[in-house]
Protein chains: 2
Amino acid sequence: MGFQERKRKILKILEKTESMDVQEMADELGISAITIRRDLQQLAAEELLIRTHGGAMKAPPQHPFTAFADKEQVASARKKYIGKRAAALVKPGDTIFMDCGSTVFTMCPHLKNITPLRIITNSLPVAAAFMDAAGIQVNLIGGEIDKERKAIHGDRAIAHIKSYHAAKAFVGTDGLSAKRGLTAISEKEAGITTAMAGSADHIYLLCDSSKIGKDSYLKFAPLSLITALVTDQELSAAQAATLRTKKVNFI
Amino acid sequence: MGFQERKRKILKILEKTESMDVQEMADELGISAITIRRDLQQLAAEELLIRTHGGAMKAPPQHPFTAFADKEQVASARKKYIGKRAAALVKPGDTIFMDCGSTVFTMCPHLKNITPLRIITNSLPVAAAFMDAAGIQVNLIGGEIDKERKAIHGDRAIAHIKSYHAAKAFVGTDGLSAKRGLTAISEKEAGITTAMAGSADHIYLLCDSSKIGKDSYLKFAPLSLITALVTDQELSAAQAATLRTKKVNFI
DNA sequence: TCAATAACGATCAAATATAATCATTTTTAT
DNA sequence: ATAAAAATGATTATATTTGATCGTTATTGA
């Protein structure tokens, strides 16, 4: 087993275990500790992991767009569940909007087999997720890239969205309550969400239960905007009831 | 059994086993180890597998956009040279267009320290390359993603480009000759190139010497379109002279 | 703080793989 | 049919990888 092969195995191990010490690795791979050290040194130089005394730690996500994707591999079970449920609403032949939230992103793996499909998105990770998906056409919204969110926002993006129409829009929010409706942290995201909602027939809001009942600072849309709320099973009965009085549909 | 046949078998074996050493392969295919090495060398050059000491490994699944980036790490010395020279034309504060060719992409690493900088591009790998570059604002052209080229083409993209203006445009081409001017393989790319050229003051064509004197099938622009040609040092004196008669400037 | 322990880096030697060169065979073109 | 070109195999010199030793440095616990 050469270096390349070990390198891959080491990174694979770290993917799962977060961290590991030299001797453990040496035993695991049946190779001397000093060689493992050399390997770790090289890998650390490539910034594929972080060297510690006596071992190594998983590197923080860093790659351009896939970083986001990797991060979401450890998305909470709640988000994953929502992603799956939301994806079930999509049918072959649909045209859909997807915004740039991490919850919406969890739909991606579940969408890959729904073909043909046309996705209009401002999210670079979403676009990246479908680069290898035959039968899925991605329309990326243009404009200035917001590196923080790995997405595109702004007036141009909104104009771009408005020139399209889709059957369904899948959007996220930072907060949702019966009293204040939908709230966001940033006007940028709120603008995109509103635009997508305006150009779609059905608007599905993906929102895990931890955000329900909480308000962020910018109130940008009423509950009546959305066709249905896709959330997880940990939503309390009381909260569900309150929202139902506002005629919110649940998935 | 010829090379093509072995090549297929080697890749087939690696599909299953992930990795294998030279001697094993030699035994398996009944051929000498040195020939296997030569085969592996070629396959590695095509990036169909990864060469290791003593064997080979299956090529890793290529990441969405960075795949392109990785590939270019082994870009020919010629292309790298061109990328460096072209990047030297960019000054802090500039707004530039960059198209989606692999030659243009080689400019990226050299641009990271030229800040502030504003880049308008239809290339996803270019956008990805600057995700971590503070001080560089990327404007991504919107529209349908062409997965093959990892770029965005089409009427919407062209309209997007036309709404901007930049001091400099860096574009590529598939062929260039004194007789036929600039030629391309695809109308998609030609449209983008033309649009960028139309919205920029100075148009720099990046083109390695192997493409000079050759024509692709679509003739899309005259040599007079470009401000200067950025190429490598392997360009023959005769070719240079011919182009100079057409008033082409060299960098 | 200090000593004990463990990890680290540098250097060396052995094993192995590779590149380079040349000879042989096979294929291709004329 | 013959020469030229390409592919293959063998041999040798070079380069790489690996593991061991030893002196140095960092961490841990009293």
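As the structure is a computational prediction, the values presented were derived from the model and not from experiment. In what follows, every chain begins at residue 1, and chains take the letters A, B, ... in the order their sequences are listed.
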Rounded to whole Å, CG of A:Asp39 lies from C1' of D:dG19 at a distance of 13 Å
What residues 25-37 of chain A contributes to the DNA chain C interface at heavy-atom separation below 4.0 Å is A:Ile34, A:Arg37
Ignoring backbone atoms, establish whether B:Arg6 has a side-chain N or O less than 4.0 Å from OP1 or OP2 of D:dA7.
no
Worksheet item: Is any side-chain N or O of A:Arg38 under 3.5 Å from a base N or O of D:dG19, one able to act as donor and the other as acceptor?
Response: yes
note: A:Arg51, atom CZ; C:dA7, atom C1'; distance rounded to Å ~ 8 Å
**Asked** Would you say B:Thr95's side chain and B:Ala166's backbone share a donor-acceptor pair under 3.5 angstrom?
**Response** no
Under the side chain to side chain contact (heavy atoms under 4.5 Å, CB included) criterion, do A:Thr35 and A:Arg6 qualify, and how do the steps go? CA-CA 10 Å; A:Thr35 301; A:Arg6 282 200 309 278; 3.3 Å; yes
- Item | Minimum side-chain heavy-atom gap B:Arg37-B:Leu40 below 4.5 Å | no
note: A:Gln4, atom CD; D:dT18, atom P; distance rounded to Å ~ 10 Å
Lys/Arg-Asp/Glu bridge criterion (N-O < 4.0 Å) met for A:Glu28, A:Lys9
no
Rounded to whole Å, the CD-C1' distance (A:Glu5 to D:dT16) equals 17 Å
Atom CD of A:Gln23 and atom C1' of C:dA7 are separated, to the nearest Å, by 11 Å
On DNA chain C, more 5' by nearest nucleotide between A:His53 and B:Val22 is A:His53
B:Gln41 CD to D:dA15 P, in whole Å, measures 16 Å
Side-chain heavy-atom pair B:Leu89, B:His202 within 4.5 angstrom cut-off: no
Short question: side chain of A:Lys112, backbone of A:Ala129 - any donor-acceptor pair under 3.5 Å?
yes
